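Structure first, commentary second.
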Protein chains: 2
Amino acid sequence: MRFRGDRPRIGQVAQLAGVSATTVSHALNGRRPVSEATRQRILDAIDQLGYRPNVVARGLRAGRSMTIGLVIPDITNPFYPLLARGLQDVLGPAGYDEIITNTNGDRDLERAALDKMISRQVDAVAFAVFDTHAEDLQPVIEAGIPVLRLGGRLAQRGVDLLHTDDEGAAAEATRYLIGRGYRRIAFICGPAAQGPAAERVAGYRVALGKPGIVEHTEFSRAGGAQGMLRLLERRHVPDAVLCANDMMAIGALDVARQHAIEVPDQLAVMGFDDIEAASLISPQLTTMANPAREIGRAAGGLLLDRLSGNETGPPREIVVPARLVARQSA
Amino acid sequence: MRFRGDRPRIGQVAQLAGVSATTVSHALNGRRPVSEATRQRILDAIDQLGYRPNVVARGLRAGRSMTIGLVIPDITNPFYPLLARGLQDVLGPAGYDEIITNTNGDRDLERAALDKMISRQVDAVAFAVFDTHAEDLQPVIEAGIPVLRLGGRLAQRGVDLLHTDDEGAAAEATRYLIGRGYRRIAFICGPAAQGPAAERVAGYRVALGKPGIVEHTEFSRAGGAQGMLRLLERRHVPDAVLCANDMMAIGALDVARQHAIEVPDQLAVMGFDDIEAASLISPQLTTMANPAREIGRAAGGLLLDRLSGNETGPPREIVVPARLVARQSA
DNA sequence: CTGAAAGCGCTTACAG
DNA sequence: CTGAAAGCGCTTACAG
């Protein structure tokens, strides 16, 4: 058997303080009044012994592991660390830690991850995967674990929902370009059915007041370049492009550079997300920041409401606004 | 009391399979032979009931939480998600999950994080903070928890050590520049006493065979720019600069652009780390990749050896080589 | 304001 | 190859 160290247990604290384990427990958790003198002796004993309560034992008995499960595609995608940090900003001070699982967007791995979260008795799950089938969440819901879905639109019984205001963000970006005097504003988007594509196209069109010019390519640097090349072949070349994410915008800028097109004088380029590189490239990218950390914080707040039992109503949907970051490219 | 769902327990599986909980446990853990027929009935029962073992209960009894603590400055710094992913690459298949705590480099938060890891009964701790005092790790060591230190040089009883080969990497970068025909190679570094500064300067000088030109500024974009400006003021302006990280290299490139210096024809620029932006800027940055994910994997391997009891010897030190990524800037 | 005892859901000697 | 019982370290009715 593994060496356990000889960490003190609650019983030793009780003995040293001359009280019962019950009283030590209550002094620690505040669920029942403890006389000031007793409390002081207990705190002294804890200090003297270097006692640290065993969270695992507490979790087993109390039915709360003080752990939140975060299921995401890939922590290596810079959006998710910010999300995780935002969650921790709110949940950490309340005593919760996170267990993060990467699924690579694979459905089998997603299901395995959710299973594991149940096994680990997490107190809540935040789930950040776009295309998951609703039924995959069912076992978690049945286990009585609050679930929060990040991104996606699918309303579902027992699942709170949180996402960026994609339509509003696209509209704001478009209006910004109009306000800067650009007149032929195109939109380079990813595949129409993927992620927030539909909402962003909708916002673009609302702000424009007409269908505009929409090129569907891929959500990547190459996709952005390809979309830009197509736009350059048009009879009337646009004087501004809104790209559905920053990687695409960087691809569009690549093409502009190759064609010696001055940005932002001859062509404005905007992105979405505000990845780290946005401020590192030249010209610096003007973009709609996907407020990952704010989303994480909002998620933490929602979960805390569920965990504390303050909120027992039907699923809620919260929409987080994006933020315009004006730099050099538009 | 919180609603627990009505998840099946091991006893119900045992009952349905017509055996004892003991046998179910052994069928699951393989610590004792179970007849094939019995095993099959147990697996059927598990399937039928949708049983998932309670990891918390198991952890309490077995003294192993199947959890690793990862203590880092900030998950938002792109190095650490890669590190975490590398750890998970190795530890995940073995059934371990990670609890990540951000310390912002604050010593009080570091100590609190370590305390928490003890409370949570983690089976091992990976600790990625440069300037921690050795004694802060003492409580963890005394609790019998294996500790692995990432970065830093400080050998310490009971603590395995893992870091990049900074000296070798700087030497390799310098030799690469020499091989490309550059003749006046300068080095822009951060404060001499911070992080891996000393090792990198040493490697640069070894490869160069003389003291060379070293500017100490800050580990930031502004620091890189400042160092570059100083170099431009010299009588003999260098034809190549090695920067101690990519952000500094980007700062140096900013200055080169402002002064209409052609990169890499008039000036070569190299960085360290290979951050995401390195391939997104123009010209794309040639750099020594800090192999974060490989470091994570190596760390996972070391920890697994300790966890399995295969390795009970004195602390080990493992040095991970960096990798040259040749792009456009040098 | 405080304590004795049961119990959270497993694993593990001990016994056969 | 299998089972009954103890116990991991806490919290929580129950009782006073």
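We name chains A, B, ... by the order of the sequence lines, and we start the count at 1 in each one. Basis for what follows: all heavy atoms, side chains included, without hydrogens, waters or symmetry-related copies. Computed from a predicted model, the values in this text were never measured in an experiment.
The side chain of A:Thr23 contributes no N or O atom lying less than 4.0 Å from OP1 or OP2 of C:dC1. Within the 4.0 Å cut-off from OP1 or OP2 of D:dC1, not a single side-chain nitrogen or oxygen of B:Thr38 is found. Remark: A:Asn29 is in phosphate contact with D:dT11, judged by side-chain N or O atoms under 4.0 Å from OP1 or OP2.
Rounded to an integer number of Å, the gap from CD of A:Gln121 to P of C:dC8 is 13 Å. Atom CZ in B:Arg64 sits about 8 Å away from atom P in C:dT12, given to the nearest Å. Atom CZ in B:Arg31 sits roughly 17 Å away from atom P in D:dT2 (whole-Å rounding). The separation between B:Leu60 atom CG and D:dA6 atom P is 18 Å, rounded to whole Å. Between A:Arg58 atom CZ and D:dC8 atom P there is a gap of 18 Å when expressed in whole angstrom units. C:dA5 atom P lies 16 Å from atom NE2 of A:His26, rounded to whole Å. The nearest whole Å value for the distance from the CE atom in B:Met66 to the P atom in C:dC10 is 16 Å. In this entry the distance linking CZ of B:Arg9 with C1' of C:dC10 reads 12 Å, nearest Å.
Counting heavy atoms from C-beta on, the side chains of A:Leu148 and A:Val125 never come closer than 4.5 Å.
With D:dT2, D:dT11, C:dC10 as the candidates, the nucleotide lying closest to the side chain of A:Arg61 is D:dT11. Of the candidates C:dC10, C:dT2, D:dC10, C:dT2 carries the atom nearest the A:Ser35 side chain, counting heavy atoms from C-beta on.
Residue B:Val56 is out of contact with every strand shown, counting any heavy-atom pair closer than 4.0 Å. Counting any heavy atom pair closer than 4.0 Å across all strands shown, B:Val55 reaches no nucleic acid atom. Within the nucleic acid shown, B:Val19 comes within 4.0 Å of sugar-phosphate atoms alone, with no base atom in reach, counting heavy atoms only.
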DNA chain C in dot-bracket form (Watson-Crick or G-U pairs under 3.5 Å, [ ] crossing, | inter-strand) is |||.||||||||.|||
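Residue side chain B:Thr22 does not reach the base of C:dT11 through any donor-acceptor N/O pair under 3.5 Å, judged by distance alone. A donor N or O paired with an acceptor N or O is found under 3.5 Å between the base of C:dG3 and the side-chain atoms of A:Arg32.
Of the residues in residues 39-53 of chain A, those lying under 4.0 Å from DNA chain D by heavy-atom distance are A:Tyr51.
A distance-only check finds no donor-acceptor pair linking the side chain of B:Asp97 to the backbone of A:Ile99 [under 3.5 Å]. In this structure a side-chain-to-backbone donor-acceptor pair under 3.5 Å is present from B:Asn102 to B:Ile75.
Note that the OH atom of A:Tyr80 and the CG atom of A:Leu70 stand 9.5 Å from one another [nearest 0.5 Å]. Atom NE2 of residue A:His26 and atom OG of residue A:Ser20 lie 8.0 Å apart, to the nearest 0.5 angstrom.
Salt bridge absent: B:Asp44 and B:Arg41 never bring a charged side-chain N and a carboxylate O closer than 4.0 Å. The pair B:Arg157-B:Glu135 fails the salt-bridge criterion, with no side-chain N (NZ, NE, NH1 or NH2) lying under 4.0 Å from an Asp/Glu carboxylate O. Ion pairing between a basic and an acidic side chain is recognised when a charged N comes within 4.0 Å of a carboxylate O; A:Asp160 and A:Arg149 show no such pairing.
Both B:Ser20 and A:Pro8 lie close to DNA chain D; mapped to their nearest nucleotides by heavy-atom distance, the more 5′-ward contact belongs to B:Ser20.
No more than 12 heavy atoms of other residues, nucleotides or ligands shown are found within 6.0 angstrom of CD on A:Gln15.
Judged purely by distance below 3.5 Å, without hydrogens or angles, the side chains of A:Gln12 and A:Arg7 never pair a donor atom with an acceptor atom.
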